[in-house]
Amino acid sequence: MVIIVRNDLEMGKGKIAAQVAHAAVSLVLDSLNDGRTWREWLERWLEVGQPKVVVKTNSLDDLLARIEKARIEGLPTHVIQDAGKTQIEPGTITCGGIGPAPSELIDRITGDLKLL
C-alpha cells in the first residue's frame, strides 16, 4: 500500500497522520467489499505485516494522474477529501492511496516519488 500526500498544502504532522490513516482504512474497506483479486491482495498484505509507504507530491494534478493510472491498471484506489474542520478548506483533496496490491504493480506508478 502506498499513500501519496500533497506536500503543497503544508499540513501539520498530526493532520498528515490523520489523512494517511483515513486513506489506509478506506483502502482496506474498499478491498473487503470488492472482487476476488482485491480480497486476495488484502489477505496477502495482512499476512506480511500490512506494509505502508507514504510518499509526497507537490501537485494535485500529479496526485490525481497517478490515482487514475492505478485505477486503469485495476488497482484499489481511494482519494481523501478533507472535511474542513481544522487546517484545510472543506473538500480539499489531501492524499490518495493505492493498494493493497503487489508492490511491483504499485511501484510502476509511484516508485519515482520521494518518501514523505
Which donor-acceptor pairs under 3.5 Å do side chains of residues 69-80 form with protein atoms, sequence neighbours excluded?
unit_1	atom_1	unit_2	atom_2	d
R71	NE	T77	OG1	3.0
H78	ND1	D30	OD2	2.7

With a 3.5 Å cut-off and sequence neighbours excluded, list the donor-acceptor pairs that the side chains of residues 39-48 form with protein atoms.
unit_1	atom_1	unit_2	atom_2	d
R39	NH2	L32	O	2.3
E40	OE2	R36	NE	2.8
W45	NE1	P51	O	2.7

Minimum heavy-atom distance between I16 and L116, given as atom pair plus value: CG2-CD2, 3.6 Å
In one Ile/Leu/Val/Met/Phe/Trp/Tyr side-chain cluster, 4.5 Å: L60, V5: no
Interatomic spacing from CG in L63 to CD1 in I93 - rounded to 0.5 Å: 7.0 Å
Heavy-atom closest pair, residues G12 and Q87: N-OE1, 2.9 Å
D62: side chain to side chain contact (heavy atoms under 4.5 Å, CB included) partners, not counting sequence neighbours: T57, S59, R66, L113
Nearest heavy atoms of G91 and Q81, plus distance in Å: O-NE2, 2.9 Å
Those residues that, when tested against S31, pass side-chain hydrogen bond (donor to acceptor under 3.5 Å, both in side chains) (two or more places apart): none
Rounded distance (nearest 0.5 Å) linking atom CG of N58 with atom CG of D8: 6.0 Å
Where at least one partner belongs to residues 81-109, residue pairs that pass salt bridge (Lys or Arg N to Asp or Glu O under 4.0 Å), sequence neighbours excluded: K15-D82
Value rounded to 0.5 Å, distance of OG1 in T110 from CG in L105: 10.5 Å
Straight-line distance of I67 CD1 to I4 CD1, nearest 0.5 Å: 4.5 Å
Nearest-0.5 Å distance that lies between atom CG in L9 and atom NZ in K56: 13.5 Å
